[in-house]
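Below, read A as the first sequence line, B as the second, and so on, with proteins coming before strands; counting in each chain starts at 1.
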Amino acid sequence: MSFPAVADQMALIGRGVEKIVPEEELAAKLEQSRKTNSPLRVKYGIDPTGIDVHLGHTVPLRKMRQFQELGHQAVIIIGNYTALVGDPSGRDETRARLTQEQVEANAKDYLEQVGKVVDLSRAEVVRNGDWFAEMSFSDVLDLCGKVTVAQLLTRDDFSKRYKSEQPIFLHECLYPVMQAWDSVKIRADVELGGTEQLYSFMLARDLQKDVNLPPQVSVMSPILVGTDGTRRMGKSLGNYIGISEPPYEMMKKFMQLPDDCMQMYYDLLTEIPLDEISALLAGHPKTAKLTLGKTVIGQYHGAQAAEESAARWEREISQGELNADIPVAKIAAADLQDGKLPAARLMVCAGLCNSTSDARRAINQGGAYIGEDKQRLDDPNALIEVTSGMLLRVGKKRICRVQIDG
RNA sequence: GGGGGAAUUCCCGAGCGGUCAAAGGGGCCAGACUGUAAAUCUGGUGGCUCAGCCUUCGCAGGUUCGAAUCCUGCUUCCCCCA
């Protein structure tokens with residue numbers, strides 16, 4: 001196997017990367033790998049704490065894929081032990097701890113999703129429980145003896161918490177140490193992750209040097225912002241686009257992105273050459289956004305599905321045509337009085353509103369419509385003649401067709 | 001072991017005996033505007049048989065004509081000193 005020229009590799013690796021530290025060392029490692037014809041070992045660790053892999057996760061994963069394409073060895077670490085601690089990164093509070101069983105179930109699910117980005121057939125997958133489970137308490141003490149508290153406290157999340165008098169638990173302090181130790185165990189040359197991982201990545205270098213291993217290089221991706229355009233994409237913030245979501249759902253979320261985010265999304269989530277991206281962004285923002293959505297959705301669902309989701313979005317949202325499959329709401333004939341129902345009640349029975357109060361509000365604010373021609377309702381108490389096939393709407397998103405039951 | 005503080009509606013957070021369904025912000029919902037958005041503006045955001053009524057302020061009691069506000073006990077959490 002032969003590796004591409006170092007400069008070419010560096011160019012590819014450098015795209016959409018916030019920082020490579022130390023950059024010269026990466027070049028040197030690539031040089032060395034070419035000379036000895038041996039691949040670099042590229043580490044990426046994930047804690048199986050949740051289930052939905054979203055686009056934010058794919059940023060380093062895609063980077064890993066690129067390394068694979070260049071001929072390097074991907075090493076994925078399933079943090080089944082670190083997951084028991086919970087990553088304190090960017091959190092101002094302690095994470096809920098997971099049980100062993102939850103972690104196992106999540107791990108399996110995770111790999112399935114990760115496989116959509118990384119070529120698992122060519123990757124090494126290891127669990128850090130393999131080595132942590134076997135450590136004795138004295139081994140742990142040895143490991144702890146390599147890191148000082150002052151060092152730990154330089155870590156941003158810890159010092160923030162410390163200053164604001166939030167609790168920091170002892171086991172949380174071990175998290176970065178464990179993560180760093182993983183690098184030693186798998187002899188990582190390169191570690192991938194977000195910029196918030198800098199601390200652990202640097203700690204890994206220290207530990208590697210301590211056992212006479214060449215220290216790893218950190219390749220850190222910027223943090224992808226979520227659909228709100230400001231905060232990092234994350235499950236708990238509800239601003240994520242999951243890679244397992246149906247194409248149309250993904251498309252709707254893409255189109256809701258603030259325009260400013262497009263550059264970042266293009267850089268980090270697509271292979272499109274930079275000059276083409278500039279051209280797209282210079283054009284109509286709507287087209288640019290549709291193209292972005294199609295490109296990314298295509299990576300997970302195929303080009304055709306992506307194309308269809310875009311067409312559907314144009315039809316339904318942009319031109320306001322009716323959804324092809326409007327959900328049917330059954331209403332029991334017994335609930336009707338003379339085939340009629342007060343407007344507010346009707347919306348609740350159809351499941352479009354949570355409570356009559358909710359429905360009244362919607363109607364009073366002019367957000368409730370009825371019929372094919374979108375007639376606006378204005379009186380919550382008005383008696384509506386209910387017929388099967390009748391179209392009901394609340395706002396832009398809630399819609400259903402009535403079916404009288406019984 | 002000792003001392004101090006806190007628990008409020010989806011979240012943060014004001015309220016400290018009546019004028020409290022409870023300020024303000026965030027989020028969310030609806031309307032206007034638009035290229036979908038974002039931004040902006042407007043309104044809304046416990047429930048109901050809705051100009052009225054009912055249930056909410058950690059839990060359980062108590063004081064009072066009247067309590068989110070005072071007292072007692074409990075639970076949970078935080079901080080500080082040892």
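A salt bridge does not link A:R315 with A:E308: none of the charged nitrogens is closer than 4.0 Å to a carboxylate oxygen. Remark: A:E316 does not engage A:K252 in a salt bridge, criterion side-chain N to carboxylate O under 4.0 Å. Using a 4.0 Å cut-off between charged side-chain N and carboxylate O, A:R65 and A:E69 make a salt bridge. No salt bridge links A:D182 with A:K185; every basic N to acidic carboxylate O contact stays at or beyond 4.0 Å. Electrostatic pairing of A:R393 and A:E372 does not count as a salt bridge here, judged by no charged N lying under 4.0 Å from a carboxylate O.
Taking atom CD on A:E314 and atom P on B:A37, their separation rounds to 12 Å, with Å as the unit. In this entry the distance linking CE of A:M251 with P of B:A37 reads 15 Å, nearest Å. Spacing between atom CD1 of A:I363 and atom C1' of B:G31 amounts to 15 Å, rounded to whole angstrom units. The interatomic distance linking A:K397 (NZ) with B:A37 (C1') rounds to 11 Å, in whole Å. As rounded to whole Å, 14 Å separates atom P of B:U36 from atom OH of A:Y248. Rounded to whole angstrom, the span from the CG atom of A:N239 across to the P atom of B:G27 amounts to 12 Å. B:G43 atom C1' lies 18 Å from atom CZ of A:R360, rounded to whole Å. Atom CH2 in A:W313 sits roughly 7 Å away from atom P in B:U36 (whole-Å rounding).
Looking at the side chain of A:M255, the nearest of the listed nucleotides B:G35, B:U36, B:C33 is B:U36.
For B:A21 and B:U55, the P atoms lie 13 Å apart once the distance is rounded to whole Å. The same atom, P, is picked in B:G31 and in B:A38; the two are 13 Å apart, to the nearest Å. A distance of about 36 Å separates the P atoms of B:G18 and B:C80, rounded to the whole Å. Here the separation of B:U8 from B:C16, taken at their C1' atoms, is 12 Å to the nearest Å. Atom name P, nucleotides B:C10 and B:G58: the rounded distance is 13 Å, in whole Å. For the C1' atoms, the distance from B:C54 to B:C59 is 22 Å, rounded to whole Å. When the C1' atom is used for both B:U36 and B:G43, the distance is 23 Å, rounded to whole Å. Taking the P atoms as reference points, B:C65 lies 49 Å from B:A82, given to the whole Å.
Of the residues in residues 275-285 of chain A, A:H284, A:P285 come within less than 4.0 Å of RNA chain B through at least one heavy atom, sorted by number. For RNA chain B, the neighbouring residues in residues 373-383 of chain A, judged by any heavy atom under 4.0 Å, are A:R376. Listed in residue order, the members of residues 262-270 of chain A having a heavy atom less than 4.0 Å from RNA chain B come to none.
Checking A:D228 against A:A362, the closest nucleotide of RNA chain B that is more toward the 5' end is the one next to A:A362. Nearest-nucleotide positions on RNA chain B place A:R231 closer to the 5' end than the other of A:R231 and A:Y369.
A side-chain donor-acceptor contact under 3.5 Å links A:D139 and A:S136. Between the side chains of A:E191 and A:Q197, no donor-acceptor pair of N or O atoms lies under 3.5 Å. Between the side chains of A:Q113 and A:S244, at least one donor N or O sits under 3.5 Å from an acceptor N or O. For the 3.5 Å distance criterion, the side chains of A:T195 and A:K19 fail to qualify, holding no donor opposite an acceptor. In the model, A:Q337 has no side-chain atom that pairs as donor or acceptor with a side-chain atom of A:K340 under 3.5 Å.
With hydrogens and angles ignored, no donor-acceptor pair closer than 3.5 Å exists between the side chain of A:Q365 and the base of B:G31.
Applying the Watson-Crick and G-U wobble criteria (two distances, each under 3.5 Å), B:C50 pairs with nothing in any strand. Nucleotide B:G1 forms a pair with B:C81, judged by Watson-Crick or G-U wobble geometry with both contacts under 3.5 Å. Across all strands shown, nothing is found opposite B:A23 as a Watson-Crick or G-U wobble partner with both distances under 3.5 Å. Of all nucleotides present, only B:G31 satisfies the Watson-Crick or G-U wobble test against B:C41, with each distance under 3.5 Å. Within the shown strands, B:U76 is the pairing partner of B:A6 under the Watson-Crick or G-U definition, both distances less than 3.5 Å.
Counting any heavy atom pair closer than 4.0 Å across all strands shown, A:G395 reaches sugar-phosphate atoms only and no base atom. Note on A:R398: only backbone sugar-phosphate atoms sit closer than 4.0 angstrom, heavy atoms only; bases stay farther off.
By the side-chain contact (heavy atoms from CB on, under 4.5 Å) test, A:E25 is found to be paired with A:P22, A:R205, A:P215, A:V217, residues two or more places apart in sequence or in another chain being considered. Listed by chain and residue number, A:D228 satisfy the side-chain contact (heavy atoms from CB on, under 4.5 Å) test with A:T230 (two or more places apart in sequence, or in another chain).
A cation-pi arrangement is absent between A:K116 and A:Y300 under the rule of less than 6.0 angstrom and at most 45 degrees off the ring axis. With A:Y240 as the aromatic partner, A:K253 meets the cation-pi criteria of under 6.0 angstrom to the ring centre and within 45 degrees of the ring axis.
Using bins of under 30°, 30° to 60° and over 60° for the plane-to-plane angle, the ring pair A:Y110/A:H57 lands in the perpendicular bin.
Here the closest non-hydrogen pair linking A:D267 and A:R15 is O-NE, 3.2 Å.
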Would you tabulate the nitrogen or oxygen pairs shorter than 3.5 Å linking the protein to nucleotides 45-48 of chain B?
| from | atom 1 | to | atom 2 | distance (Å) |
| --- | --- | --- | --- | --- |
| B:G47 | OP1 | A:S355 | OG | 2.9 |
| B:G47 | OP2 | A:R361 | NH2 | 2.4 |
| B:C48 | OP1 | A:T356 | N | 3.2 |
| B:C48 | OP1 | A:T356 | OG1 | 3.0 |
| B:C48 | OP2 | A:T356 | N | 3.2 |
| B:C48 | OP2 | A:T356 | OG1 | 3.0 |
| B:C48 | OP2 | A:S357 | N | 2.7 |
| B:C48 | OP2 | A:S357 | OG | 2.7 |
| B:C48 | O5' | A:T356 | OG1 | 3.1 |

